[in-house]
Asker: 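I am attaching a structure below and will ask some questions about it afterwards.
When a ligand or atom number is given, it counts from 1 through the structure's own listing order. FYI, the numbering just counts along the sequence from 1.
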Amino acid sequence: MAQLHFPPEFLWGSATSSYQIEGAWDENGKGESIWDRFTHTPGKIEDGSTGDVACDHYHRWADDVAMMSRLGLQAYRFSISWPRILPDGRGRVNQAGLDFYSRLVDGLLEANIVPFVTLYHWDLPQALQDEGGWPMRSTGEAFVDYADVVSRALGDRVKNWITHNEPWCIGFLSHQIGEHAPGHQDWQEALRASHHVLLSHGWAVPVIRANSLDAEVGITLNYTYATPASSSPADMAAARWFDGYFNRWFTDPVYGRHYPADMVADFTAAGHLPNGLDFVQSGDMEIIAAPTDFLGVNYYTRAVLRDESPDNGTQTVFTDLEQTEMGWEIYPEGLYRLLCRLYFDYEAPKLYITENGASYSDGPDADGKVRDHRRTEYMRQHFIAAYRAIQAGAPVKGYFVWSLMDNFEWAKGYLQRFGMVWVDFETQQRIPKESMHWVSRVIAENAVSWE
Ligand code: IFM
């Protein structure tokens, strides 16, 4: 069977985030986050669940690190809970919170696992939300103080930093669509929030560099490959719109291209920018374009677009491609094309796939094994897509599978399982799935089989 070999230094890892796995939502001085508030509000989460306990990783982190080590993972991407460090969002530091992450980092390094730290994966301190949250510029300023505190404490040992995870979700999914905390539906809030997230990224880059010598700093953006349902001009325009809204609105400013002019025109025409870009102050776009060392890429699926809606001109249609249990089409070709685009068009100096994975609910059979062959096949196809992008010249340096273990999937609660490790949420037992054993072999061989 033909083996496709990855470059010798290629880094294989898995990813998680604080709210999705930690639990201990109000322990040891942690403040309330917007996700604590959101999940404690009836009707927001499909199965009525919360992340109060989740995978109880806050108490079980040492076992989880030992498990990662046994499974051969070389890198681990996790996020820091802002309100665990700064319970009021700014000012008073909760030393117990810093100590928790410091022990985790030490544990990873002892196990020879490279830590990749994401500073913000959505659990904003509720105290800052009470002041208006991301639509306020002051939240961006508070983020920089938080980044300073964390990078001072961990910067001697952590050398890979991601400022934000998925600004599209922070801006639009949370403030325009309203599916994520704080659950608002307001275009203007969404556009302001997006800007302040990007601005705070640009502000934080030099601060992190100053506190963590020789560190590499980047941001993680999420991408959906946009394609028209037909070659009609209307469908092509719908795909352009979706690509602008989802992908270019964030990638363009990070790479010094300002906000895309076609989207500014579309948002203005739709009445989403009644005061223009009044939230963009002089110098902001240069700050957002601060040079970074890498771009984190989260990729799961594609969108096929048809022009049917007078609102935003787009509608996603489904084709006959197989879907994961999230209802997301499996389209590995999109990962290949995206990685090539980010290198050849945007000239990103280095790319890490910081998330890619699939939701399938396969659980333990009578013999205790979890035969999640569909996940293995999903991963195999996407590993091959990354390999092809590397062959084409894209500087892809590592791959973090989402996720290490089943966890709290935001508005879906525990109904969707993305883990390579099964979690029994009653007993907290962990069982590595067949896909995890397969990934361990890929890591050991640094190669994936073609078929
Ligand atoms: O679980 C999420 C993660 O927190 C962010 N990216 C997408 C994943 C799957 O929905």
Asker: Against heavy atoms of W328, which atoms of ligand 1 measure under 4.0 Å?
Answerer: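 The list of qualifying atoms is 10 (O).
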Asker: For atom 7 (C) of ligand 1, what's the nearest protein heavy atom and its distance?
Answerer: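 It is E355 OE1, 3.2 Å.
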Asker: Has R257 got its NZ or CZ under 6.0 Å from the middle of the six-membered ring of Y346, at an angle within 45 degrees of the ring axis?
Answerer: yes
Asker: Give a yes/no on ligand 1: does H121 have at least one heavy atom closer than 4.0 angstrom to it?
Answerer: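 Yes.
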Asker: Hey, is Q416 touching ligand 1 through its side chain, its backbone, both or neither, going by heavy atoms under 4.0 Å?
Answerer: neither
Asker: Nearest protein heavy atom to atom 10 (O) of ligand 1, by residue and atom, and its distance?
Answerer: E409 OE2, 2.6 Å
Asker: Which of these passes salt bridge (Lys or Arg N to Asp or Glu O under 4.0 Å) with K30: D52, D88, D36?
Answerer: D36
Asker: Please indicate whether Y360 has more than 12 foreign heavy atoms, meaning atoms of other residues, nucleotides or ligands, lying under 6.0 Å from its OH.
Answerer: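 Atom OH in Y360 is crowded, with more than 12 foreign heavy atoms closer than 6.0 Å.
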Asker: Within the 3.5 Å criterion, strictly below it, is a donor on T319 or R302 matched to an acceptor on the partner's side chain?
Answerer: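 Distance-only check passes for T319 and R302.
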Asker: If I apply the N/O under 3.5 Å rule, does S17 come out as touching ligand 1?
Answerer: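 S17 vs ligand 1: no N/O contact under 3.5 Å.
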Asker: So does R137 pair up with D284, basic N to acidic O under 4.0 Å?
Answerer: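 The answer is yes: the pair qualifies as a salt bridge.
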Asker: For the pair K369 and D362, find out whether any cationic side-chain nitrogen is under 4.0 Å from an anionic carboxylate oxygen.
Answerer: no
Asker: Please determine whether any non-hydrogen atom of Y19 lies less than 4.0 Å from an atom of ligand 1.
Answerer: no
Asker: Run the salt-bridge test on D372 and K433 with the 4.0 Å N-O cut-off and return the result as yes or no.
Answerer: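 Not counted as a salt bridge, because no side-chain N and carboxylate O are separated by less than 4.0 Å.
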Asker: Provide the number and element of each atom of ligand 1 under 4.0 Å from a heavy atom of W122.
Answerer: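 So the atoms of ligand 1 that pass are 5 (C).
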Asker: Would you mind running through ligand 1 and noting each atom that sits below 4.0 Å from a heavy atom of E166?
Answerer: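 Result: 5 (C), 6 (N), 7 (C).
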Asker: Between F408 and ligand 1, which residue portion shows a heavy-atom distance shorter than 4.0 Å: side chain, backbone, both, or neither?
Answerer: neither
